[in-house]
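The chain is numbered in sequence order, starting from 1. Remember, predicted model here, so these are calculated numbers, not experimental data. Read the numbers this way: they start at 1 and go in the same order the structure lists the ligands and their atoms.
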Amino acid sequence: MNPVRKITCRTITESVKRLFIEANTELGKDVLAVVRRARRGETSERARHALRQIEENADIAGKEKAALCQDTGLAVVFAEVGQDVRVAGGDFSEAVQEGVRRAYREGFFRKSLCDPLTRKNTGDNTPAVIHTEIVPGDRIRITAMPKGGGSENASSLHMLLPTAGIDGIRKAVIETVEKAGPNPCPPVIVGVGIGGTMDRSLLLAKKALLRPLNEKQRDRRLAKLERELLKDINQLGIGPQGYGGKTTALAVHVTMEPCHIASLPVAVNIQCHAARHKTAII
Ligand code: SF4
């Protein structure tokens, strides 16, 4: 039997706090590299200007430890908890929520959560949405993802007929991006989850957004689909911030799992250019 490793709630809270502060103030180098490349390839001056502003904004936010965007998001947390870990000194979920609370207070980030009916703000940006998975090992891998409202609103779920095939999937994705237009603050990253159940496909789509932009798709069929979707999306002409141009999306990431023989769930989760997520292993 493997020895159990103790991780305190205090360590979890501190890690979550640090990750949300970093995620909200530092744009990933992988995202910046693709934005830079897109700017060089743009022929429209307005599109180039919008992309340059994204780079300048990221530069200022990083130097001044200020939020990349006024919408500092709903706090989404992915936690892979090793089965040989014992969480000590309290409750795991509450430790995560406390980390979020402190990050938004100490980082001076906007608190963006409210009661859906009264619209009264919860006051501390909690509750975070926590996705927990039990995995082998004695570590906890935590990913913090502040998710903006504009891009989340543009996301969609399609319960396609099994006969819809690859063409049906492609149509669902393109239509979602086209309908969203400039609302999710393009250039976007498009996460696509195919398969599983209705809820599973949505989670796959969101997790697809966590793949670094410089990491290749290993499945050759999906790599081809990603390339084709990116090309089609960038022909829509929405462009950076909706000013027109060739860069509506920076990337399309697809994740797929088997589904029921009677189903073909396809979820599309849109991520704006403020593609924020940070990971730590404790
Ligand atoms: S969609 Fe993204 S860039 Fe636009 S306001 Fe929301 S967080 Fe900011």
_Using the side chain to side chain contact (heavy atoms under 4.5 Å, CB included) definition, which of the options Val188, Val190, Val177 pairs with Val252?_
Val190

_Could you tell me, atom by atom, which parts of ligand 1 come under 4.0 Å of a heavy atom of Gly148?_
7 (S)

*Under 4.0 Å from any heavy atom of Ser151, which atoms of ligand 1 are there?*
1 (S)

*Apply the test side chain to side chain donor-acceptor pair (under 3.5 Å) to residues Lys147 and Ser151: give CA-CA distance (whole Å), side-chain angles for both, the deciding distance (0.1 Å), then the verdict.*
CA-CA 8 Å; Lys147 191 68 170 66; Ser151 60; 3.0 Å; yes

*Going by heavy-atom distance to atom 8 (Fe) of ligand 1, choose the closest among Cys185, Cys69, Ala275.*
Cys69

*For ligand 1, does Arg276 get within less than 4.0 Å through its side chain, its backbone, both, or neither, judged by non-hydrogen atoms?*
side chain

*Does the pair Arg101/Glu98 count as a salt bridge with the N-to-O cut at 4.0 Å?*
yes

*Quick one: which of Arg39, Glu42, Arg37 gives a side-chain hydrogen bond (donor to acceptor under 3.5 Å, both in side chains) with Thr247?*
Glu42

*Nearest non-hydrogen partners of Val4 and Val85, listed with the distance*: CG1-C, 4.2 Å

_Distance alone, cut at 3.5 Å: any donor-acceptor contact between the side chains of Ser112 and Arg110?_
yes

*N, O or S atom of Cys272 closer to atom 2 (Fe) of ligand 1 than 2.8 Å*: yes

_Closest protein heavy atom to atom 6 (Fe) of ligand 1, given as residue, atom name and distance to 0.1 Å_ = Asp71 OD2, 3.3 Å

*asked:* Using heavy atoms and a 4.0 Å limit, tell me yes or no: is Gln70 in contact with ligand 1?
replied: yes

